[in-house]
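Okay, structure first, notes after.
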Amino acid sequence: MSNIPKELKYASTHEWLRNEGGGIYTVGITEHAQDLLGDMVFVELPEIGANVAAGDDVAVAESVKAASDIYAPIAGEIVAINDELEDAPETVNNDPYGDGWMFKIKADDASEVDALLDAAGYQAVIEED
Amino acid sequence: MANRTPLYDAHLSAGAKMVDFHGWDMPLNYGSQIEEHHAVRGDCGMFDVSHMTVVDVAGPQATEYLRYLLANDVAKLSIPGKAQYSSMLNTQGGVIDDLIVYFFSSSDYRLVVNSATRDRDMQWLNEVASQFNVTVTERPELAMIALQGPQAEAQLAGVLGAQNFAALAGMKPFMSAQVGELFIATTGYTGERGYEIIVPANAVVGLWQQLLAAGVAPCGLGARDTLRLEAGMNLYGQDMDESISPLQANMGWSVAFEPADRDFIGRKALEAQQASGHSVLVGLVMESKGVLRHGQRVLVNGGEGLITSGTFSPTLGFSVAMARVPAGSDTHAEVEIRGKMVKVSVVKPSFVRNGKSVL
């Protein structure tokens, strides 16, 4: 059984979002996603200041198994990235919802978040896989 | 339902993530394949390789049979227990399988062949055997554990006890000995010292649990692949198959063209290929970010090739690969990775041995 925290929002492409207040959201990949990918070896992150649209591929998680695109779940500006992943990509495996976060995005329109999946909705998505 | 080795339940209780491997339910990893990789390079790990096929060859014409069947020459073997890396080829020189042959006497040999090619191998072994006075016996009642790493010797000595281990002490690589019900060979697929232990299926769980209790790390197919690739060892079906000759797969050293009067299946095709030229398997090293992977396109000297196996090397901290390219390649090449051309260096296809970089 995969851990899917109730307080987060999810994209069907396996990213999670945490509301940090002030229109800023932290984004990472789910425990289920890191489990599918296996040991992470490189994480390529977006540029701070980049303006992205929902669904843009903004980062790459490269594991022993495959290179996988990470998509922006909502439109906005990248305001922070997790530099720690440069030297410790395995953090994504060990703590996907915590220290393994990837970037923070300032939403253009916070109502976009409402359209994302809740924990139950994401659970349904991974059961279909 | 997929085949299961006798260690299936032991894998589940060790937390294995199981995957289908050519019809077998096998462990991919027990948590982290990179940690398992490092365990083998720095300490000791074990793999369930019970899916591999053990075949005994016996009879008055066993030597004649194997000298005709195999590209390497078993007549080079004279010490009982000695092992040899070899391959069996089709008449076009393509590799039906690579294998290890163990010599016991001129009428008694053992082969260990791949599981993925089992049906084709058995059909070919039997077909060629029909021309010789020889018996070919598959041994499905045998299981196998590969114990690999710098601490493998100490761990095996501990589990076997001093008296049993005496027969193995100081054994050189590519030798084997029967110790009670265990057939123990100093062979492997990791580039480390270690053993491959063939054991009756009903005793393999006991041996596995003893090694586990001694602190040996169980390792899955994921680590097995990165270890063999770092060691520059081919994977059948990926680095070579029936359409590829050993000369195109960096296996020329395992083809015995001498003595010139030994006829073996595929010989004429290989000689023709030597005369006309052929592609070669090289190593690639990419020290920048990213991972070289199977199927990526390689540009070299105006020619084009393909990566047959690629991975992130946990020991080196960057990516390495094997690629089949036109002969006479430069020291540099370019690989197309996710739409971008990336510069890589071309080296011999061997990257790590005994825990250390050989680049």
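Labels below follow one simple rule: chain letters A, B, ... track the order of the sequence lines, proteins then strands, and each chain is numbered from 1. All values below were derived from every heavy atom in this structure, side-chain atoms included, with hydrogens, water molecules and symmetry-related copies excluded. Since this is a predicted model, take the numbers as computed values, not measurements.
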Begin with the C-alpha distance, continue with both residues' side-chain angles, and end with the deciding distance and a verdict on salt bridge (charged side-chain N to carboxylate O under 4.0 Å, His left out) for A:Asp69 and B:Arg338. CA-CA 11 Å; A:Asp69 287 323; B:Arg338 294 160 61 80; 2.6 Å; yes
Return a table of donor-acceptor pairs under 3.5 angstrom between the side chains of residues 38-48 of chain B and protein atoms on other chains or two or more places apart.
from	atom 1	to	atom 2	distance (Å)
B:Arg41	NE	B:Glu230	OE1	2.9
B:Arg41	NE	B:Thr315	OG1	3.3
B:Arg41	NH1	B:Thr190	O	2.7
B:Arg41	NH1	B:Glu192	OE2	2.8
B:Arg41	NH2	B:Thr190	O	3.2
B:Arg41	NH2	B:Leu227	O	3.2
B:Arg41	NH2	B:Glu230	OE1	2.9
B:Asp48	OD1	B:Ser50	N	3.0
B:Asp48	OD1	B:Ser50	OG	2.6
B:Asp48	OD2	B:Thr5	OG1	2.5
B:Asp48	OD2	B:His11	NE2	2.8

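When the salt bridge (Lys or Arg N to Asp or Glu O under 4.0 Å) test is applied to B:Asp239, the partners found at least two apart in sequence or on another chain are B:Arg228.
Residue A:Glu84 places its CD atom among 12 or fewer non-hydrogen atoms of other residues, nucleotides or ligands, all under 6.0 Å distant. In the displayed structure, A:Glu7 atom CD is contacted under 6.0 Å by more than 12 heavy atoms of other residues, nucleotides or ligands. Heavy atoms of other residues, nucleotides or ligands lying less than 6.0 angstrom from CZ of A:Arg18 number more than 12.
Residue A:Asp35 touches chain B through both its backbone and its side chain, counting heavy-atom pairs closer than 4.5 Å.
Residues A:Asp39 and B:Glu35 form no side-chain contact, since every pair of their non-hydrogen atoms from C-beta on lies 4.5 Å or further apart. Between B:Ile34 and A:Val41 the shortest side-chain heavy-atom distance falls below 4.5 Å.
Note that CG of B:Asn29 is 9.5 Å distant from NZ of A:Lys65, once rounded to the nearest 0.5 Å. Residue B:Ser32 holds its OG atom at 11.0 Å from CE of A:Met40, rounded to the nearest 0.5 Å.
Highest contact tally toward chain B, considering only A:Glu90, A:Glu44, A:Glu86, is held by A:Glu86 [criterion: heavy-atom pairs under 4.5 Å].
Close approach to chain A, defined as a heavy atom under 4.5 Å from one of its heavy atoms, is seen in B:Lys289, B:Gly290, B:Val291, B:Arg293 of residues 288-300 of chain B, taken by number. Identified by a heavy-atom distance below 4.5 Å to chain A, contributing residues of residues 345-359 of chain B are lacking entirely.
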